[in-house]
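Each remark here refers to the structure printed beneath this line.
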Amino acid sequence: MITNIDVTKIMEHPNNPRKNLGDLSELAESIKARGILQNLTVVPAENGKYTVVIGHRRLAAAKLAGMTEVPCVVAEMDYKTQLSTMLLENMQRSDLTVVEQAQGVQMMLDLGESVRDIADQTGFSESTVRKRAKISALPADKLKEAESRGGTLEDYLKCLEITDEGRRNELLEYVGTKEFLWNYKSFITTQKREVNLPLIQAEIEKLAKPIPDGKKYSSEYNQINSARLDEWTPETKLIPDYDENKIYYYDFEYSRIVVYQKVKKKKAQPAKKSKKEIEADRRRSELSQLTEKAYKMRNEFIFSFSAARKYEKIINEYLLYFAVMG
């Protein structure tokens with residue numbers, strides 16, 4: 001049953017999900033010309049007054065148009081039903097922003113409604129309800145500012161990927177700006193590094209030793225592999241072709257881990273000789289052989305004399321002379 005009720009007796013719902021009623025001038029002009037074509041839905045309140053559930057914009061525009069009464073349907077609804085009705089009414093008309101939807105969903109969850117119940121009452125999918133509920137966990141003041149800059153559902157969900165509260169709130173300040181995506185990627189990269197670092201540390205300590213101080217850039221150690229900290233997964237091989245009989249070393253840089261091996265010292269190879277040097281060596285060898293042969297021949301000739309023993313002292317002196325003189 002439709003009843004005309006004095007506008008002074010109708011109060012706005014304190015938990016109307018739609019916080020901003022928008023520009024009412026055009027609707028007020030239409031009401032002046034044709035009246036209210038669709039009635040409001042209200043529930044009884046204290047002291048003979050009513051609380052509007054459906055029709056907040058129409059009530060505000062009617063007051064702006066100077067009307068004293070508005071057509072209403074008085075309904076009996078519990079508080080949960082009031083909230084779900086306002087949510088559904090506004091969302092069906094696409095009147096609620098993502099943030100307003102999120103806050104409305106959270107109010108229903110606070111009242112003990114389940115995700116499935118909210119989905120049934122509002123027409124949202126359970127996935128949509130969960131996403132809206134997550135968004136409501138973000139600071140209301142920063143959400144309001146982000147919304148004024150044109151924040152989207154995807155932007156808010158990206159913010160929720162950042163686990164550190166300080167960084168998450170900082171990222172919210174970039175929502176709706178050209179710098180948002182760059183900062184999001186930067187924070188995600190930093191977050192992955194921080195999560196992976198202790199896991200990588202535990203694994204590499206089983207396989208390698210820290211590189212000695214001051215040796216990182218020396219020629220004594222050779223880099224054999226590296227891996228970005230933010231791209232590491234448990235399947236990443238920090239040391240490909242690992243050999244337990246070899247010794248490996250590691251070092252952490254800002255964004256990656258580097259693996260090294262000590263360089264083996266090569267034995268010094270004799271220098272290659274030129275053709276002239278080889279020919280000179282050959283001649284020296286031949287001369288040495290000829291000298292030795294001549295010495296033997298002289299020795300045999302001298303001792304072949306019968307008087308050799310008689311002049312043994314003199315002969316030995318000559319032999320020593322020839323040996324020295326070559």
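Since we're looking at a predicted model, the values are computed, not measured.
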Is the backbone N or O of Lys49 less than 3.5 Å from a side-chain atom of Asn47, with the two atoms forming a donor-acceptor pair by type? no
In terms of hydrophobic clusters joined by side-chain contacts under 4.5 Å, are Met86 and Val99 together? no
Tell me the closest heavy-atom pair linking Tyr221 and Pro212, and the distance in Å. OH-CG, 3.4 Å
Given side chain to side chain contact (heavy atoms under 4.5 Å, CB included), test Ile257 with Trp232 step by step and report yes or no. CA-CA 10 Å; Ile257 180 173; Trp232 178 87; over 6 Å; no
Decide yes or no on side chain to side chain contact (heavy atoms under 4.5 Å, CB included) for Leu83 and Glu113, but give the supporting numbers first. CA-CA 11 Å; Leu83 288 181; Glu113 294 281 7; over 6 Å; no
Heavy-atom nearest pair, Val263 first then Ser219, reads CG2-O, 3.5 Å
Separation between CZ of Arg57 and CG of Asp23, rounded to the nearest 0.5 Å: 8.0 Å
Student check: side-chain heavy atoms of Arg168 and Lys142 closer than 4.5 Å: no
Does the distance from a Lys or Arg side-chain N to an Asp or Glu carboxylate O, for Lys80 and Asp78, drop under 4.0 Å? no
Measure the spacing between CD of Gln191 and OG1 of Thr163 and express it to the nearest 0.5 Å. 3.5 Å
Which heavy atom in Ala119 sits nearest to a heavy atom in Ser125, and how many Å separate them? CB-C, 4.1 Å
What I want to check is whether the side chains of Asp110 and Gln106 have a donor and an acceptor closer together than 3.5 Å. yes
Compare all side-chain heavy atoms of Lys192 with those of Leu229 and state whether any distance is below 4.5 angstrom. no
For a quick test of reading the model, state the closest non-hydrogen atom pair linking Cys72 to Ile5 and the distance between them. CB-CD1, 3.8 Å
With ring pair (Phe, Tyr, Trp, His ring centres under 6.0 Å) as the test, would you mind laying out the steps for Tyr248 and Tyr242 before giving the verdict? CA-CA 9 Å; Tyr248 302 92; Tyr242 173 75; 5.4 Å; yes
So do Met77 and Thr41 actually touch side chain to side chain, heavy atoms under 4.5 Å? yes
Side chains of Tyr250 and Ile239: closer than 4.5 Å at any heavy-atom pair? no
Are any non-hydrogen side-chain atoms of Leu197 and Phe252 less than 4.5 angstrom apart? yes
Applying side chain to side chain contact (heavy atoms under 4.5 Å, CB included), run through Cys159 and Tyr174 and close with a yes or a no. CA-CA 10 Å; Cys159 290; Tyr174 289 101; over 6 Å; no
Can you tell me how far CZ of Arg228 sits from CD1 of Ile200, rounded to the nearest 0.5 angstrom? 11.0 Å
Could you check whether any side-chain heavy atom of Pro240 comes within less than 4.5 Å of a side-chain heavy atom of Asn225, counting everything from C-beta outward? yes
ILVMFWY network linking Leu40 to Ile54, side-chain heavy atoms under 4.5 angstrom: no
Hydrophobic cluster identity match, Leu153 and Leu138, side-chain contacts under 4.5 Å: yes
Can Val115 be reached from Leu160 by stepping across I, L, V, M, F, W or Y side chains whose heavy atoms are under 4.5 Å apart? no
So which atom in Gly176 and which in Asp155 form the shortest heavy-atom distance, rounded to 0.1 Å? N-OD2, 4.4 Å
So do Gln82 and His13 actually touch side chain to side chain, heavy atoms under 4.5 Å? yes
Could you check whether atom NZ of Lys185 has more than 12 heavy atoms from other residues, nucleotides or ligands sitting under 6.0 Å from it? no
Side-chain ion pair, Glu154 and Lys158, N-O less than 4.0 Å: no
Consider only side-chain N and O atoms of Ser186 and Asn183, and report whether a donor and an acceptor are under 3.5 Å apart. no
Got a second to check how far Arg58's CZ is from Leu21's CG, nearest 0.5 Å? 12.0 Å
Could you walk me through whether Phe187 and Asp164 pass the side chain to side chain contact (heavy atoms under 4.5 Å, CB included) check? CA-CA 9 Å; Phe187 288 156; Asp164 180 81; over 6 Å; no
Common cluster, Val73/Val43, ILVMFWY with side-chain heavy-atom separation under 4.5 Å: no
State whether the side chain of Arg149 and the backbone N or O of Glu173 hold a donor-acceptor pair below 3.5 Å, judged by distance alone. yes
Nearest-0.5 Å distance that lies between atom CD in Glu203 and atom OG1 in Thr236: 8.0 Å
Rounded to the nearest 0.5 angstrom, the CG-CE distance for Asp6 and Met67 is 11.0 Å
For a 4.5 angstrom cut-off between non-hydrogen side-chain atoms, does Ile247 reach Lys262? no
Identify the two heavy atoms, one from Val105 and one from Ile118, that lie closest to each other, and give their separation to 0.1 Å. O-CD1, 3.9 Å
Give a yes or no on whether the backbone of Val258 and the side-chain of Glu253 come within a donor-acceptor separation of less than 3.5 Å. no
